[in-house]
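In what follows, a single structure is set out as structure tokens and then discussed.
Residue numbers start from 1 in every chain, and the chains themselves are labelled A, B, ... in the order their sequence lines are given, proteins ahead of strands.
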Amino acid sequence: MGDEIRRNMALFSIGTVIKLTELTARQIRYYEAHGLVQPARTEGNQRLFSFNDVDRLLIIKSYLEKGLNMAGIKEMLGLEAPVTMDDKMVAPVAKGIRKDMTDRELRQLLKQQIMMSKPGSSTSLISGELSRFFIN
DNA sequence: GTTCTTACA
DNA sequence: TGTAAGAA
């Protein structure tokens with residue numbers, strides 16, 4: 001499972017994560033303080049989020065939108081819940097993924113797809129299924 | 001310019 | 001959660 005490292009490779013700054021998840025820095029740091037995500041740190045103490053961290057934050061966001069509070073989310077994260085992804089989003093993302101893509105390209109593709117999603121349907125498309133496309 | 005921590009509204 | 005301060 002060499003892809004495990006790919007998904008856990010820390011390369012997103014909090015600024016990038018903010019754009020990717022639409023969460024505020026306050027929320028992201030708060031969730032970290034509560035152990036919902038464990039981003040790595042640079043020598044300068046800057047947070048570095050992995051793909052799994054971003055994925056986790058998106059799941060958290062979906063739960064938040066369902067009305068769950070911190071306590072509820074903490075419990076849910078331990079049980080994990082199935083999340084459906086619209087084919088409308090799966091197709092373009094899956095189609096654009098290449099085995100030889102650089103992380104830079106991967107990030108760009110992901111960002112584009114996320115930005116293309118409608119603010120209303122928010123994260124239902126990304127959620128827990130996102131990392132699936134990086135296991136191939 | 002961005003991010004970090006702490007602390008208060 | 002938002003935001004301000006002061007430092008890195």
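Comparing atom distances between the Ile14(A) side chain and each of dT1(C), dT3(B), dG2(C) picks out dT3(B) as nearest.
When the side-chain nitrogen and oxygen atoms of Ser13(A) are compared with OP1 and OP2 of dT3(B), one or more of them lie within a distance under 4.0 Å. Side-chain nitrogen and oxygen atoms of Asn45(A) include none within less than 4.0 Å of the OP1 or OP2 phosphate oxygen of dT3(B). OP1 or OP2 of dC4(B) has at least one side-chain nitrogen or oxygen of Arg47(A) nearer than 4.0 Å.
Remark: side-chain polar atoms of Asp55(A) are not paired, donor with acceptor, to backbone N or O of Asn52(A) under 3.5 angstrom. With hydrogens and angles disregarded, no donor-acceptor distance shorter than 3.5 Å links the side chain of Arg47(A) to the backbone of Ala40(A).
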What N/O pairs connect the protein and nucleotides 6-9 of chain B at under 3.5 Å? Give each pair on its own line.
none

Pairs under 3.5 Å (N/O, protein and nucleotides 5-8 of chain C):
none

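Atom OH of Tyr30(A) is separated from atom C1' of dG2(C) by 14 Å (rounded to the nearest Å). Atom pair Glu43(A):CD and dT2(B):P shows a separation of 22 Å (rounding to whole Å applied). When the P atom of dG2(C) is taken as reference, atom CD1 of Ile28(A) falls 11 Å away, rounded to whole Å. Atom NZ in Lys61(A) sits about 12 Å away from atom P in dT1(C), given to the nearest Å. Protein atom NZ of Lys19(A) is 14 Å distant from nucleotide atom P of dG1(B), rounded to whole Å. Taking atom CD1 of residue Ile18(A) and atom C1' of nucleotide dG2(C), one finds them 13 Å apart after rounding to whole Å. dT3(B) atom C1' lies 17 Å from atom CG of Leu23(A), rounded to whole Å.
For the atom pair Asp53(A) CG and Met9(A) CE, the distance stands at 12.5 Å (nearest 0.5 Å). Interatomic distance, CG of Asn69(A) versus CG of Leu64(A), reported as 9.0 Å (0.5 Å rounding). Rounding to the nearest 0.5 Å places NZ of Lys19(A) at 7.5 Å from OG of Ser13(A).
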| What do the steps show when you test Phe12(A) against Leu48(A) for side chain to side chain contact (heavy atoms under 4.5 Å, CB included), and what is the final call? | CA-CA 5 Å; Phe12(A) 300 113; Leu48(A) 286 182; over 6 Å; no

| task | List the steps, then state whether side chain to side chain contact (heavy atoms under 4.5 Å, CB included) holds for Ile14(A) with Phe49(A). | result | CA-CA 7 Å; Ile14(A) 193 168; Phe49(A) 299 79; 3.9 Å; yes

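For the side-chain contact (heavy atoms from CB on, under 4.5 Å) test, residues two or more places apart in sequence or in another chain that qualify with Leu23(A) are Thr21(A), Gln27(A), Ile28(A), Tyr31(A), Leu57(A), Lys61(A).
Applying the salt bridge (charged side-chain N to carboxylate O under 4.0 Å, His left out) test to every pair with at least one member in residues 34-43 of chain A, sequence neighbours left out, gives these pairs: Glu32(A)-Arg41(A).
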